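Everything below concerns the one structure shown next.
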Amino acid sequence: KSPIAEKKQKKFFDDLKGKCIDKIDTILLDSNEDEKSALASIKDEISSMEYNKETVIKDTAKLLEIGAVLSDSDNQKFM
């Protein structure tokens, strides 16, 4: 891939990661202790994700799936 394409791919990944973390932070405000524990675990997993050109497709799909689930639980559109 060209350096420009990879830079765009990294930006998309980082933006998506940020949206997931922001969504978790929003949901955490109205969550009970059990939900907070589960959400904190998911947030830690997402926070530790780094852009890797070898796994970017799999990682992006995972973030999109997490975002969709979070949006369903919050009744808000993710993307």
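Quick caveat: nothing in here was measured; it's all calculated off a predicted structure. Every heavy atom of this structure was used, including side-chain atoms; hydrogens, water molecules and symmetry mates were not.
- From Ile21, atom CD1 reaches atom CD1 of Ile42 across 12.0 Å, with rounding to the nearest 0.5 Å.
- With respect to Lys10 and Glu50, no salt bridge is recorded, no charged nitrogen being found less than 4.0 Å from a carboxylate O.
- The local environment of CG in Leu29 is crowded, with over 12 non-hydrogen atoms from other residues, nucleotides or ligands closer than 6.0 Å.
- More than 12 heavy atoms of other residues, nucleotides or ligands shown are found within 6.0 angstrom of CD on Glu35.
- From Ile46, atom CD1 reaches atom CD1 of Ile66 across 4.0 Å, with rounding to the nearest 0.5 Å.
- When side chains are defined from C-beta on, Leu64 counts as touching Thr60, because their heavy atoms get closer than 4.5 Å.
- Remark: Cys20 SG to Leu63 CG distance equals 5.0 Å, nearest 0.5 Å.
- Looking at Ser37, its side chain never comes within 3.5 Å of a backbone N or O of Asp34 through a donor-acceptor pair.
- Without hydrogens or angle criteria, Thr55 side chain to Lys58 main chain gives no donor-acceptor distance under 3.5 Å.
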| request: Test Lys23 against Lys43 for side-chain contact (heavy atoms from CB on, under 4.5 Å), laying out the working first. | output: CA-CA 10 Å; Lys23 178 63 78 177; Lys43 183 178 177 180; over 6 Å; no
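- Side-chain atoms of Leu39 and Leu70, non-hydrogen and from C-beta on, do get closer than 4.5 Å to each other.
- Using modelled atom types, one side-chain atom of Lys17 and one backbone atom of Met49 make a donor-acceptor pair closer than 3.5 Å.
- Using a 4.5 Å cut-off on side-chain heavy atoms (C-beta onward), Lys36 and Asn32 make no contact.
- Using a 4.5 Å heavy-atom cutoff, the side chains of Phe13 and Lys53 are not in contact.
- Electrostatic pairing of Asp15 and Lys11 counts as a salt bridge here, judged by a charged N lying under 4.0 Å from a carboxylate O.
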